[in-house]
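Down below is the structure, laid out as structure tokens.
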Amino acid sequence: MCSSVHVVKPKYTCLFGYSSFKFSHPHRLLRTTSTVNGQILQFKLSDIGEGITEVTIKEWYVKEGDTVSQFDSICEVQSDKASVTITSRYDGIIRKLYYGVDQIALVGKPLVDIETETLKGVDRTRDRTKLVNKDSEEDVVETPAVFHDEHTHQEIKGHKTLATPAVRRLAMENNIKLSEVVGTGKDSRILKEDILNYLAKQTGAILPPSPKSEIIPPLLKSETIQSIPVPVLKPKVFTGKDRTEPITGFAKTMVKTMSMAMKIPHLGYCDEVDLTQLVKLQKELKPIALARGIKLSFMPFFLKAASLGLLQFPILNASVDENCQNITYKASHNIGIAMDTEQGLIVPNVKDVQFRSVFEIAIELNRLQKLGSTNHLGTADVTGGTFTLSNIGSIGGTYAKPLILPLEVAIGALGAIKTVPRFNEKDEVIKTQIMNVSWSADHRIIDGATVARFSNLWKSYLENPASMLLELK
């Protein structure tokens, strides 16, 4: 490919390879380097806590050349645990962005370059840029690039040949001059069939006719009766390609967490809960909660019942060290709720459930769900958990095998609530609301009997929800 540039009114000469330049308008010279008096500072990514050493750039709020002031938002980064907005510590002009969107930025390394010089002289530089650009527009006329072979094929002795790029490529691959081919298309346009026919005449090969000109000979009487036309199926061509992407953000955290979780020996226990009475109670309390601006689901009841059970079985609300030599019983019931978001699986937790009413738990759940859906959960929201519940029933399912989060010793997976027939005490078939639950516990310190007793106690609160003291404040 080549292109031509014609200089109409040359006003300067450039001696390439030498340091000296001669300009007829030296006062219009544009300086592309930074000013001598300007001070460019490297704005480094500071430590954001929790032992985080790297983050992912999610969005830039500035670009090179923008003017920023102190506390202006520069970018949003995503760590393993939460998203953080980085603000400027200086007044100045952004001169360089060190990373692109979705790239990994390291703590302690430069994030952007900021020129802290005052804005004097910026307008003069812009004026000089306009003057030089104006001169450039007057002096230089650029013509579009043209393939040499294509130009030869398009105009021969003043005659313009019409053909698509695909046809020209076919002709070029077979060393055929388009000027020698007779086009049968509209306005003598050369078609693919014209190239193939021309090639067949040169080589003597017999090419299959095009679908438009295909002639089917009439069938004989015997063939008409006996033969059945067989449809010809063209093989489908799959054009998809494999792609490789780096694992970042919450997905990267999940890889680390689940790898650690697989080292814990899991004890599994499954059960089912009759939620018929709870469904009725939730239906009665839902409009009351809605009048107070609260969205009341079944999850606050599940969390409150779990907290009441943990008071009787504190070993399920504990943690062990890496070598399992010491056990720590947690005073607070910080119960986590697994959420499936666009960024991946996250587990925020409701703090101090043992001190909250069902309505207060619902308010906190509404807040966490709203922040999780917009990817704005803070570090405090996703750390400090002591026990976890995963609601797989919101997606659909019955039983599961949940993996214990490291630093915890137990987790529960809740299935979908389904209406099924059951026998009552009088052997009558009644309609009931049944939910399946799957528990996993650290088998190094917890036995099956403990999990079963805890599950029975948790069930009793849910099957008789009036036993849970609802403080409707």
Side-chain angles (χ1 to χ4, degrees), residues 40-116 245-260 332 334 336-352 363-386 388 405-407:
I40 295 181
L41 299 178
Q42 287 186 343
F43 180 80
K44 296 182 179 180
L45 180 62
S46 59
D47 186 7
I48 56 180
E50 294 293 330
I52 296 172
T53 59
E54 61 182 28
V55 295
T56 303
I57 304 295
K58 301 304 293 182
E59 182 180 1
W60 283 105
Y61 299 127
V62 296
K63 61 182 182 297
E64 294 181 359
D66 285 356
T67 301
V68 295
S69 303
Q70 292 187 41
F71 308 111
D72 284 356
S73 297
I74 293 181
C75 66
E76 180 180 355
V77 300
Q78 177 71 61
S79 68
D80 292 346
K81 298 179 179 179
S83 59
V84 180
T85 299
I86 305 298
T87 58
S88 175
R89 294 199 295 264
Y90 311 105
D91 297 336
I93 302 173
I94 300 296
R95 290 306 183 193
K96 182 178 180 180
L97 305 180
Y98 281 85
Y99 304 98
V101 176
D102 291 332
Q103 287 187 341
I104 301 297
L106 302 178
V107 172
K109 298 298 182 180
L111 188 64
V112 297
D113 284 352
I114 301 179
E115 183 180 344
T116 59
E245 297 179 352
I247 300 176
T248 59
F250 289 118
K252 187 175 182 179
T253 306
M254 188 174 179
V255 171
K256 299 177 182 178
T257 303
M258 292 299 100
S259 298
M260 296 173 60
S332 298
N334 300 337
I337 313 98
M339 292 183 181
D340 184 22
T341 67
E342 295 180 356
Q343 290 74 32
L345 180 66
I346 56 176
V347 188
N349 59 81
V350 179
K351 301 290 193 298
D352 298 320
I363 293 174
E364 180 65 5
L365 276 176
N366 293 167
R367 184 186 73 86
L368 293 175
Q369 290 169 347
K370 183 177 180 180
L371 293 177
S373 62
T374 57
N375 192 27
H376 284 86
L377 286 169
T379 304
D381 296 324
V382 295
T383 56
T386 61
T388 301
L405 294 178
L407 303 182

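Since the structure is predicted, the reported quantities are computational estimates derived from the model, not experimental observations.
Ile86 CD1 to Phe43 CZ: the interatomic distance, rounded to the nearest 0.5 Å, is 6.5 Å. Note that CG of Asp66 and CD1 of Ile114 are 11.0 Å apart. Values are rounded to the nearest 0.5 Å. In this structure, OG1 in Thr116 is found 8.5 Å from OH in Tyr90, a value given to the nearest 0.5 Å. We find the CD1-CG distance between Ile346 and Leu377 to be 4.5 Å, quoted to the nearest 0.5 Å. Residue Leu41 holds its CG atom at 12.5 Å from CZ of Arg95, rounded to the nearest 0.5 Å.
Among residues two or more places apart in sequence or in another chain, the salt bridge (Lys or Arg N to Asp or Glu O under 4.0 Å) test is passed with Lys58 by Asp102. Qualifying salt bridge (Lys or Arg N to Asp or Glu O under 4.0 Å) partners for Arg367, counting only residues two or more places apart in sequence or in other chains: Glu364, Asp381. For Leu407, there are no side-chain contact (heavy atoms from CB on, under 4.5 Å) partners two or more places apart in sequence or in a different chain. Applying the side chain to side chain donor-acceptor pair (under 3.5 Å) test to Thr374 and every residue at least two apart in sequence or in another chain returns His376. Under the side-chain contact (heavy atoms from CB on, under 4.5 Å) criterion, Ser73 pairs with Tyr61, Thr85, Thr87, sequence neighbours left out. Under the salt bridge (Lys or Arg N to Asp or Glu O under 4.0 Å) criterion, Asp72 pairs with no residue at all, not counting sequence neighbours. With sequence neighbours left out, the side-chain contact (heavy atoms from CB on, under 4.5 Å) criterion links Thr388 to Val347, Leu405, Glu408, Ile411. By the salt bridge (Lys or Arg N to Asp or Glu O under 4.0 Å) test, Lys370 pairs with no residue at all, sequence neighbours left out. When the side chain to side chain donor-acceptor pair (under 3.5 Å) test is applied to Ser332, the partners found at least two apart in sequence or on another chain are Asp352. Here Gln42 pairs with Tyr98 under the side chain to side chain donor-acceptor pair (under 3.5 Å) rule; sequence neighbours left out. Partners of Gln70 under the side chain to side chain donor-acceptor pair (under 3.5 Å) rule, at least two apart in sequence or in another chain, do not exist in this structure.
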| query | Taking it one step at a time, do Val84 and Val55 satisfy side-chain contact (heavy atoms from CB on, under 4.5 Å)? | reply | CA-CA 9 Å; Val84 180; Val55 295; over 6 Å; no
| task | Decide yes or no on side-chain contact (heavy atoms from CB on, under 4.5 Å) for Ile40 and Lys96, but give the supporting numbers first. | result | CA-CA 10 Å; Ile40 295 181; Lys96 182 178 180 180; over 6 Å; no
| query | After noting the C-alpha distance and the side-chain angles of Met339 and Leu368, does the key distance pass the side-chain contact (heavy atoms from CB on, under 4.5 Å) rule? | reply | CA-CA 10 Å; Met339 292 183 181; Leu368 293 175; 4.0 Å; yes
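Residue Ile57 is tested with Val77, Ile104, Leu97 for a side-chain contact (heavy atoms from CB on, under 4.5 Å); the sole match is Val77.
The two residues Cys75 and Leu111 make their nearest non-hydrogen contact at SG-CD2, 3.9 Å. Of all heavy-atom pairs between Lys44 and Gly108, the closest is CD-O, 3.5 Å. Closest non-hydrogen pair, Asn349 versus Gly384, comes out as ND2-C, 4.2 Å. A pairwise comparison of heavy atoms in Ser88 and Ser69 identifies CB-O, 3.6 Å as the closest pair.
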May I have the list of side-chain donor-acceptor pairs in residues 246-253 shorter than 3.5 Å, sequence neighbours left out?
unit_1: Lys252; atom_1: NZ; unit_2: Glu54; atom_2: OE2; d: 2.2
unit_1: Thr253; atom_1: OG1; unit_2: Asp80; atom_2: O; d: 2.9
unit_1: Thr253; atom_1: OG1; unit_2: Gly249; atom_2: O; d: 3.4

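At a threshold of 4.5 Å between non-hydrogen side-chain atoms, the residues Trp60 and Val112 count as touching. Counting only heavy atoms from C-beta outward, the side chains of Leu365 and Ile337 approach each other to under 4.5 Å.
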